[in-house]
Each structure stands twice: as structure tokens, then as C-alpha cells.
There are 2 protein chains.
Amino acid sequence: MPRRKQRTEDWRQVLRDAGLRGTSARIELLELLARSPRPLTHQEAVEGLPQVETDRSTLFRALQDLTSAGLVRRLDLGDRVWRYERVVATADAAGEAVPHPHLLCVDCGNITCLTDDDVQVKLPKRLGTVEDVLLKGHCADCKES
Amino acid sequence: MPRRKQRTEDWRQVLRDAGLRGTSARIELLELLARSPRPLTHQEAVEGLPQVETDRSTLFRALQDLTSAGLVRRLDLGDRVWRYERVVATADAAGEAVPHPHLLCVDCGNITCLTDDDVQVKLPKRLGTVEDVLLKGHCADCKES
DNA sequence: CTGTAGATGCAACTGAGTTGCAGAAAAATA
DNA sequence: TATTTTTCTGCAACTCAGTTGCATCTACAG
Ligand SMILES: [Mn+2]
Ligand SMILES: [Mn+2]
Ligand SMILES: [Zn+2]
Ligand SMILES: [Zn+2]
């Protein structure tokens, strides 16, 4: 049994467990997102799946579906493009299981996934409660040029 | 000399000092933004200036111009709409003189301007440097519903 | 007052995302 | 396996926020 086929079946199972049908768009997306070290935009997903011949709207809908099924997380960073990252059920070192802060680099546009240890935010309760943190600045590669 | 005329002349001077011509679109915008307790979107500006009969694109261009002249600040929050807030030259209690963190309420969409005292962010330098902070969560009005 | 750099209106365009609908493909069922 | 039911997909048209080219207009320096 070929390796590729095997993986495909694994992803199909993940989808089914989440209550979604195992369609090629969703399988390829999941696989791509799982491989990616950082969140991807719709556009990046299209480019990352040159073999897949899917309509734009289908891809958008697939990303929505994966998001509402809890398999991926959608990030609204401050640059008018949504990004998606895989949510793994069992928290591992990468820490993708729970929401975490992100740093959007204003120079190169890259996203750095942070942990709650990296950034500590304290907000007086009278002002509200924090659910998500987005930093903008210069990433490790771009700082002091 | 009518009060309104006086204010108009003040704003014209502000514009001229910043190297911009004193056009009605810019004057009305500055006045509106200065009155507003929170950043406004282009759309909100249009609605806030019902008397002004200006083309959409002119308003957009005016907002751009004010921004690049340093008279207003443009905020890229995570909801695909730009917001603009007045930058006052002399720092006052409102603290609008310098960039500051903002809280975007995920319930009602309101923006709360914060101060650096309200939120303390520490990011390990190896990961980059922070220039702006955006929090998402529940604003004072919406928390615990 | 005038000449001109710069602002405006209009219409067409972009990019990201959404939507209605008819036909196609999964999964459920028999 | 064949049939039925449910969900997904492609397509085309649409929305929303913002941008752009160009002819015309206007603020203001001289
Ligand atoms: Mn992340
Ligand atoms: Mn503010
Ligand atoms: Zn960078
Ligand atoms: Zn709120």
C-alpha cells in the first residue's frame, strides 16, 4: 500500500471524525497546513497546492469548514488577509493546540507563532478581558537592519 | 466672527503647518476625528459628515494624506477595515500623541484605546521587537454576558 | 489677479471573500 | 452492488474596502 494513499486515508479519517466528508480539497488542505510551520493565507494555500484544480470558492469554503469543525484556526491579523493554521488535538511542543499570540512582521510580512511564555499581557479587568494577542513589529530575521 | 468660521480657520492652519492645503474635506475630517473618542473607519467618517458631499475616493485620499502628514494615525486592526484617529502634537491626558495599544471587542466591534500602562508586553528580544499591540477580547461593556 | 501645483469627481479597477444555483460526488441505505 | 439522500463543487455574479487614471477644478504663492 503506497505511502501517499495511506496518508490520504488518515486525513479522511480526521475529517470524518470531525463530521466532515473526506473530499480531496479538504484532504489536501489539511495535509498542507499540517506541513506548514506558519499560518497560510488562502492565496498561499492555492500556491502550495499546484496539483489541485479547485475553484477559488471551493477552497474558501473548505477553509471555512475546517475552521468551524475546529480542525484549523483562522487568524485575523491586521493586514486584511485571513490566515489558517492547523489545530492539533493533542498539544505537543509546537503548541498549536490552543490559541496563542502571533507577531506580524511589518517588514517582511512573516508571521511568528508565539507562546504565552513569550509574551505576557496584563490588562486591568475594568477595561475588559483579553482573548487574543497580536503584536506587530520586526521579526527575528528583520530586527535592526 | 462666527465661531464655526473660527474653528475652520484653526484647522486650516493645522493643515498648512503640516504642508497640506486647507480643503473642506480635510478640514471636516480633522474636526470630526478630533471630536471622536475612538478611531473611525472611512465609512463612519462618511456617516459622521452627512453635510459633506464628497466622493468616496476623495475621502479615502484625504485620510491617506492626513496619515502621511502625521496628523492622523491609521490602525490596521484585525477586521479588514482601517480606522483613523487624530494624533495630537502635544501629548495630553488622552495620550493620543503616541501610538498605543488597542482592544478590539469581538462582541460589539468597539475599539478601546489603551495606554502602555494598561498593558505590559514583554517579548524576548531573540524573537523580534514589538512596535504595536492589538488585543482582541471583550470590552468593558461586553465582558461577562 | 493670475498661473499652476495640487485636489477633486467620476468611472473603472483590484483583491479578498461570499452567495445562489444546478450538477457532481460522498455517504447512507437497502 | 444499486439506489437514495445529503453534502460538496464549479461557475458566475456579487459585495466591500480601497485604489487609480484622467480630465477638470481650486487653493494659494507670487
Ligand atoms: Mn500560530
Ligand atoms: Mn487609539
Ligand atoms: Zn520580518
Ligand atoms: Zn464590546
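- Here dA25(C) presents its P atom at 15 Å from CD of Glu53(A), a figure rounded to the nearest Å.
- Leu71(B) places a side-chain heavy atom less than 4.5 Å from the side chain of Leu15(B).
- The side chain of Arg21(A) contributes no N or O atom lying less than 4.0 Å from OP1 or OP2 of dA25(C).
- The hydrophobic side chain of Val81(A) is isolated, with no ILVMFWY side chain under 4.5 Å apart from it.
- The local environment of CD in Glu47(B) is crowded, with over 12 non-hydrogen atoms from other residues, nucleotides or ligands closer than 6.0 Å.
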For Glu131(B) and Lys136(A), what are the C-alpha separation, side-chain angles and deciding distance, and is it a salt bridge (charged side-chain N to carboxylate O under 4.0 Å, His left out)? CA-CA 6 Å; Glu131(B) 219 153 70; Lys136(A) 299 199 203 175; over 6 Å; no

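- Side chains of Leu33(B) and Arg73(B) form no contact here, defined as non-hydrogen atoms less than 4.5 Å apart.
- Pairs engaging residues 117-136 of chain A under the ring pair (Phe, Tyr, Trp, His ring centres under 6.0 Å) rule: none recorded [sequence neighbours left out].
- Bounding nucleotides for the chain A contact on DNA chain D, 5' to 3', at a heavy-atom distance below 4.0 Å, are dT6(D) to dG18(D).
- Taking a 4.0 Å limit (strictly below) on heavy-atom distances, residues 54-64 of chain A reaches DNA chain C at Arg56(A), Ser57(A), Phe60(A), Arg61(A), Gln64(A).
- Contact annotation: Thr23(B) side-chain N/O to dT8(C) OP1/OP2 distance is under 4.0 Å.
- Non-hydrogen atoms lying under 4.0 Å from DNA chain D are contributed by nothing in residues 44-52 of chain B.
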Checking His138(A) against Thr129(B) for the side chain to side chain contact (heavy atoms under 4.5 Å, CB included) test, could you report, in this order, the C-alpha distance in whole Å, the side-chain angles of both residues, the deciding distance, and whether it holds? CA-CA 5 Å; His138(A) 310 281; Thr129(B) 56; 3.4 Å; yes

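- Separating the CG atom of Asp79(B) from the C1' atom of dG17(C) is a distance of 15 Å, rounded to the nearest angstrom.
- The shortest distance between side-chain heavy atoms of Leu135(A) and Leu114(A) falls below 4.5 Å.
- Each of Gly22(B) and Arg80(B) lies near DNA chain D, and the nucleotide nearest Arg80(B) is the one positioned closer to the 5' end.
- If you measure from atom CG of Leu15(A) to atom C1' of dA26(C), you get 12 Å, rounded to the nearest angstrom.
- Inter-residue side-chain proximity for Gln51(A) and Glu28(A) is flagged as met; some heavy-atom pair is nearer than 4.5 Å.
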Under the side chain to side chain contact (heavy atoms under 4.5 Å, CB included) criterion, do Glu31(B) and Val14(B) qualify, and how do the steps go? CA-CA 11 Å; Glu31(B) 161 95 20; Val14(B) 170; over 6 Å; no

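- The distance between atom CG of Leu20(A) and atom P of dA28(C), rounded to the nearest whole Å, is 13 Å.
- Using a 4.5 Å cut-off between side-chain heavy atoms of Ile, Leu, Val, Met, Phe, Trp and Tyr, Leu75(B) falls into a hydrophobic cluster with Leu75(A), Leu77(A), Leu104(A), Ile111(A), Leu134(A), Leu77(B), Leu104(B), Ile111(B), Leu134(B).
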